[in-house]
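Worth knowing before you read on, the calculation uses all heavy atoms, side chains too, and leaves out hydrogens, waters and symmetry mates. Along the sequence shown, the residues carry numbers beginning at 1. Quick caveat: nothing in here was measured; it's all calculated off a predicted structure.
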Amino acid sequence: MKRIIRFVFSISITFIIILFLANIFSRNQNSLSDFLEAYLNNTQKLLFLISIFIAYISITYITPFLNPIILIRVKDQLFPYLLKYGIKFAFILTICIFGSFLISGILVGLNFDISLSMFSLVVKFFLFILAFYCIITSIYFLSKKFIFSILSGMFINFIFIAILFSVDFFVMNNEMSNSVERLCFEIYMSICLVGGVLFLFLKSEGLECLCVKK
């Protein structure tokens with residue numbers, strides 16, 4: 001019950017912040033789709049602000065799977081458990097965060113101009129959260145420290161956006177196009193997602209074999 005209360009509290013705080021952002025956005029623009037694009041399809045905001053939201057909520061939602069009670073319960077099904085948990089985690093946070101942006105935009109009076117094309121944005125956002133989950137879970141496997149893994153995942157995103165902007169400033173003289181920036185982000189996200197899943201599969205297999213030997 002305490003975990004649910006903490007999770008609801010973290011979502012509530014996140015919603016209040018997003019509502020504040022929507023209010024500021026409405027002073028200059030009045031399109032709900034532009035508001036969603038500005039925050040959920042923007043590389044800088046995804047890797048910085050949205051990463052902070054996800055990390056904050058993760059602390060209250062994710063259950064440390066290296067807990068002996070969980071390991072005993074899942075036994076030789078650790079990887080399927082982690083994969084299903086990650087998909088569930090990404091799905092719930094997609095609904096909560098995307099829904100917060102949507103509701104906040106409506107509350108401040110932005111024009112409801114959502115179309116079916118917005119579905120692709122939801123899918124990309126879902127994959128971004130799932131990639132973030134893969135990062136922090138992989139780090140947790142290595143460090144055995146839950147809070148450290150979440151903060152590390154957040155800072156890895158910070159580092160990537162810092163590197164991307166440094167390349168843009170020092171190498172490309174601030175001429176990097178949005179398409180190139182998004183391509184770099186999608187490559188980064190794909191590496192985190194595919195590499196993370198592969199790493200979790202290998203580590204889960206190793207941990208299961210270790211448990212069997214014991």
> Quick one: list whatever passes ring pair (Phe, Tyr, Trp, His ring centres under 6.0 Å) with F185, sequence neighbours left out.
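So F185 forms a ring pair (Phe, Tyr, Trp, His ring centres under 6.0 Å) with F128.
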> If the condition is ring pair (Phe, Tyr, Trp, His ring centres under 6.0 Å), which residues does Y188 pass it with, not counting sequence neighbours?
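Y188 satisfies ring pair (Phe, Tyr, Trp, His ring centres under 6.0 Å) with F160 only.
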> Go through the side-chain N and O atoms of S33 and D113 and say whether any donor and acceptor fall under 3.5 Å apart.
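Distance-only check passes for S33 and D113.
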> About how many Å separate CD of Q29 and CG of D34, when rounded to the nearest 0.5 Å?
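One gets 5.5 Å once the value is rounded to the nearest 0.5 Å.
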> Using side-chain heavy atoms (C-beta onward) and a distance below 4.5 Å, is N42 in contact with L46?
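Sidechains of L46 and N42: no contact.
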> Between side-chain atoms of residues 58-69 and protein atoms elsewhere (two or more places apart, or another chain), which donor-acceptor pairs fall under 3.5 Å?
unit_1	atom_1	unit_2	atom_2	d
S58	OG	I54	O	2.6
T60	OG1	S10	OG	3.1
T60	OG1	I57	O	2.8
N67	OD1	I69	N	2.9

> Do Y85 and F89 have ring centres separated by under 6.0 Å?
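No: the rings miss the under 6.0 Å criterion.
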> Please check if atom NZ in K144 has more than 12 non-hydrogen atoms from other residues, nucleotides or ligands closer than 6.0 Å.
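Enclosed.
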> If you link ILVMFWY side chains whenever their heavy atoms are less than 4.5 Å apart, which other residues fall into the same cluster as I16? By chain and number, please.
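None; I16 is a cluster of one.
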> What's in the same ILVMFWY side-chain cluster as L116, cut-off under 4.5 Å, chained through other members?
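Besides L116, the hydrophobic cluster comprises nothing; the residue is isolated.
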> When you look at F141 and S204, which way does the side chain to side chain contact (heavy atoms under 4.5 Å, CB included) test go after all the steps?
CA-CA 9 Å; F141 243 126; S204 297; 4.0 Å; yes
> Is V194 reachable from V123 through a run of I, L, V, M, F, W or Y residues, each pair having side-chain heavy atoms under 4.5 Å apart?
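Shared cluster, no.
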> For the residue pair L82 and Y133, establish whether any side-chain heavy-atom pair is separated by less than 4.5 Å.
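In contact.
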> With a 4.5 Å cut-off on side-chain heavy atoms, are Q77 and P80 touching?
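Yes - at least one pair of side-chain heavy atoms lies under 4.5 Å apart.
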> Could you give the distance from SG (C184) to CG (L164), rounded to the nearest 0.5 Å?
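Nearest 0.5 Å value for the SG-CG distance: 5.5 Å.
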> Test side chain to side chain contact (heavy atoms under 4.5 Å, CB included) on L127 and K124 and set out the steps.
CA-CA 5 Å; L127 292 176; K124 290 179 182 178; 5.8 Å; no
> Looking at L130 and I87, what are the two nearest heavy atoms and their distance?
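Closest approach of L130 to I87: CD1-N, 3.9 Å.
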> What are the two closest non-hydrogen atoms of F158 and S51, and how far apart are they?
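The pair with the smallest heavy-atom distance is CE2-CB, 4.4 Å.
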> Rounded to the nearest 0.5 Å, what separation is found between the CG atom of N23 and the CZ atom of F20?
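Between atom CG of N23 and atom CZ of F20 there are 7.5 Å.
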> Which heavy-atom pair separates A90 from F126 by the least distance, and what is that distance?
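Heavy atoms of A90 and F126 come nearest at CB-CE1, 3.4 Å.
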> Is there a side-chain contact between I156 and I139 (heavy atoms, below 4.5 Å)?
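Of all side-chain heavy-atom pairs linking I139 with I156, at least one is under 4.5 Å.
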> Any chance you could measure K203, atom NZ, to L198, atom CG, to the nearest 0.5 Å?
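With rounding to 0.5 Å, NZ (K203) is 12.5 Å from CG (L198).
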> Please find the pair of heavy atoms, one from V167 and one from M176, that lie closest to each other, and give the distance.
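So the minimum-distance heavy-atom pair works out to CG1-CE, 4.4 Å.
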> Using the rule that Ile, Leu, Val, Met, Phe, Trp and Tyr join whenever any side-chain heavy atoms are under 4.5 Å apart, tell me whether I191 and F132 fall into a single cluster.
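No, I191 and F132 fall in different hydrophobic clusters.
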> To check you understand the geometry: which heavy-atom pair defines the closest contact between N157 and L47, and what is its length?
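The pair with the smallest heavy-atom distance is CB-O, 3.4 Å.
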> Are I97 and S100 close enough that some pair of their side-chain heavy atoms sits under 4.5 Å apart?
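Side chain of I97 against side chain of S100, heavy atoms only: no contact under 4.5 Å found.
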> Begin with the C-alpha distance, continue with both residues' side-chain angles, and end with the deciding distance and a verdict on side chain to side chain contact (heavy atoms under 4.5 Å, CB included) for C96 and I92.
CA-CA 6 Å; C96 291; I92 291 177; 4.0 Å; yes
> With heavy-atom distances below 4.5 Å as the criterion, would you say the side chains of S190 and I187 are in contact?
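SC-SC contact between S190 and I187 ruled out.
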> Not counting sequence neighbours, list each pair that qualifies as a ring-ring contact (aromatic ring centres under 6.0 Å, His included) and has a residue in residues 90-120.
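Pairs touching residues 90-120 that pass the test: F35-F101, Y39-F101.
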> Do side-chain atoms of N30 reach the backbone of G109 as a donor and acceptor pair under 3.5 angstrom?
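Not confirmed, N30 side chain does not pair with G109 backbone.
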> How long is the straight-line distance from CZ of F146 back to OG1 of T137, given to the nearest 0.5 Å?
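Result: 9.0 Å between the selected atoms.
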> Assigning hydrophobic clusters by single linkage (Ile, Leu, Val, Met, Phe, Trp, Tyr; side-chain heavy-atom cutoff under 4.5 Å), is F165 placed with L183?
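No; tracing contacts between hydrophobic side chains, which count when under 4.5 Å, never links both residues.
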> If every non-hydrogen atom of V197 is compared with every non-hydrogen atom of C134, which pair is closest and at what distance?
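Closest heavy-atom pair between V197 and C134: CG2-SG, 3.9 Å.
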> Any non-hydrogen side-chain atom of L121 less than 4.5 Å from a side-chain atom of N41?
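When only atoms from C-beta onward are counted, N41 and L121 do touch, with a gap below 4.5 Å.
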> Under the side chain to side chain contact (heavy atoms under 4.5 Å, CB included) rule, what do I150 and Y56 come out as? Steps first, then yes or no, please.
CA-CA 9 Å; I150 293 178; Y56 174 53; over 6 Å; no
> Does the side chain of I136 reach to within under 4.5 Å of the side chain of L151, using non-hydrogen atoms?
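With C-beta onward as the side chain, the pair stays apart.
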> Would you compute the distance between atom CG of L78 and atom CG of L83 and round it to the nearest 0.5 angstrom?
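Here the interatomic distance stands at 11.0 Å.
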